[in-house]
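Worksheet: one structure, shown below.
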Amino acid sequence: MNEQTITKDRLAKEIDALLAPYPDPVSRNDFRQACHIGTRTSMYLLQSGLVPCTHTGKRTRCYKIAKADVAAYLRRRLTEPEHYAPPSGWYKNYPQRKPPAVSLTRTLDYEIVSRLLLRRHLEQQLADTPDVLTVEQIARFTGYTPHTVSRWCTEGRLHTIQRRPRFMVPKVWLLDYLVSDEYNRITRKSKTHYAMIATLGTKSRRLKNKP
């Protein structure tokens with residue numbers, strides 16, 4: 001066994017011992033304490049997607065982070081600390097809830113991924129759903145909470161044919177919203193939304209490189 005392997009094994013044991021007292025998944029506060037980082041740093045890592053997490057939609061204790069992802073962060077932080085460095089102005093702006101100097105939002109670049117490609121992808125995903133959907137059905141498809149989807153309807157972002165007490169949204173209008181700039185610019189995206197961005201990014205690169 002070479003020295004590099006021994007070092008990796010030792011590091012893995014140290015990280016396992018460090019995380020042993022915490023549940024799986026860990027909360028944001030546990031993540032912060034285990035990694036010895038501040039509140040603003042932890043928010044940056046989670047909101048930017050550098051450390052994968054699940055947002056439960058609750059007002060407090062809303063982040064859940066798998067121990068495996070915390071361990072991966074700790075390992076990479078040792079060798080590539082610059083990878084996790086917040087953008088310029090983050091610490092200055094965060095307490096006032098101002099936008100950071102560099103956007104944390106992961107979005108689709110419509111110069112690379114056409115809206116037509118995105119719409120076709122979403123149409124395929126929605127093929128087995130009704131022509132008119134409820135808030136709950138839209139929430140399951142997008143990964144956002146029913147409360148968030150209802151807010152889209154109330155604020156007029158997502159057009160409906162029936163309003164309260166039960167919003168009803170035609171599939172074609174839902175597609176219009178899902179390919180819009182407004183939906184693309186959502187800052188705190190759902191896990192499903194991020195997965196869609198990753199899938200479309202991969203698909204577009206394959207099409208671009210196809211002879």
Side-chain angles (χ1 to χ4, degrees), residues 1-109 112-113 139 142-145 148 184-206:
M1 185 179 293
N2 60 38
E3 184 176 348
Q4 187 176 15
T5 302
I6 294 174
T7 301
K8 286 184 178 180
D9 289 344
R10 185 184 301 122
L11 176 60
K13 290 180 180 179
E14 290 176 355
I15 291 175
D16 287 344
L18 176 67
L19 298 179
Y22 300 98
D24 191 8
V26 303
S27 66
R28 184 183 65 82
N29 192 50
D30 289 339
F31 168 60
R32 183 180 63 77
Q33 291 179 358
C35 299
H36 301 288
I37 56 178
T39 298
R40 285 172 285 181
T41 299
S42 68
M43 291 301 297
Y44 166 70
L45 293 171
L46 299 178
Q47 290 183 1
S48 65
L50 286 171
V51 176
C53 66
T54 299
H55 192 281
T56 64
K58 297 179 180 179
R59 292 189 176 183
T60 59
R61 299 182 180 181
C62 54
Y63 291 100
K64 298 295 182 183
I65 311 104
K67 271 189 176 182
D69 291 323
V70 178
Y73 160 70
L74 289 171
R75 286 194 298 270
R76 188 168 182 179
R77 187 177 70 175
L78 284 173
T79 56
E80 300 178 68
E82 69 282 354
H83 178 72
Y84 297 106
S88 174
W90 169 254
Y91 292 113
K92 179 180 179 181
N93 292 335
Y94 179 77
Q96 290 77 37
R97 299 299 192 272
K98 296 177 182 178
V102 177
S103 174
L104 302 182
T105 306
R106 289 185 180 179
T107 60
L108 283 171
D109 185 345
I112 299 175
V113 180
T142 62
Y144 291 97
T145 65
T148 297
N184 191 35
R185 287 196 297 261
I186 291 176
T187 301
R188 187 178 290 177
K189 292 178 170 62
S190 69
K191 189 175 182 178
T192 302
H193 196 162
Y194 278 127
M196 182 269 289
I197 290 174
T199 298
L200 265 293
T202 300
K203 185 179 291 188
S204 66
R205 285 192 294 271
R206 287 176 181 171

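Sequential numbering from 1 along the given sequence is applied to the chain's residues. Here the structure is a predicted model, which means the values were calculated and not measured.
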Revision key, fill the gap. Interatomic distance, CD1@Ile15 vs CG@Leu78, rounded to 0.5 Å, equals 6.5 Å
**Study point:** Centroid-centroid under 6.0 Å between Tyr73 and Phe31 rings
**Key:** yes
Review point. Would you call Arg77 and Leu45 a side-chain contact if the rule is heavy atoms closer than 4.5 Å?
Key: no
Study note, to complete from the structure: Between Thr56 and Thr145, the two heavy atoms sitting closest are O-CG2, 4.4 Å
**Study point:** Nearest-0.5 Å distance that lies between atom SG in Cys53 and atom NZ in Lys64
**Key:** 11.5 Å
Review point. Checking Lys191 side chain against His55 main chain: does a donor-acceptor pair fall under 3.5 Å?
Key: no
Check your understanding: Can you name the residues that form a side chain to side chain contact (heavy atoms under 4.5 Å, CB included) with Asp69, not counting sequence neighbours?
Key -> Pro52, Ile65, Ala66
Point to revise | side chain to side chain donor-acceptor pair (under 3.5 Å) evaluation trace for Arg28 with Ser42 | key: CA-CA 7 Å; Arg28 184 183 65 82; Ser42 68; 3.1 Å; yes
Revision key, fill the gap. CD1 (Ile37) and CE (Met43) are apart, to the nearest 0.5 Å, by 11.0 Å
Revision key, fill the gap. Between the OH atom in Tyr63 and the CG atom in Asp30, the distance rounded to the nearest 0.5 Å is 15.5 Å
Review point. Taking it one step at a time, do Ile186 and Tyr144 satisfy side chain to side chain contact (heavy atoms under 4.5 Å, CB included)?
Key: CA-CA 11 Å; Ile186 291 176; Tyr144 291 97; 3.7 Å; yes
**Study point:** Closest non-hydrogen atom pair, Arg75 against Leu11
**Key:** CG-CD2, 4.1 Å
Practice item. Can you measure from CE (Met196) to OG (Ser190) and round to the nearest 0.5 angstrom? Key: 8.5 Å
Check your understanding: Would you say the side chain of Glu14 lies within less than 4.5 Å of the side chain of Leu18, judging by non-hydrogen atoms?
Key -> no
**Study point:** Spacing of CD1 belonging to Ile197 relative to OG1 belonging to Thr192, to within rounding of 0.5 Å
**Key:** 11.5 Å
Check your understanding: Side chains of Thr142 and Thr148: does their closest heavy-atom pair fall under 4.5 Å?
Key -> no
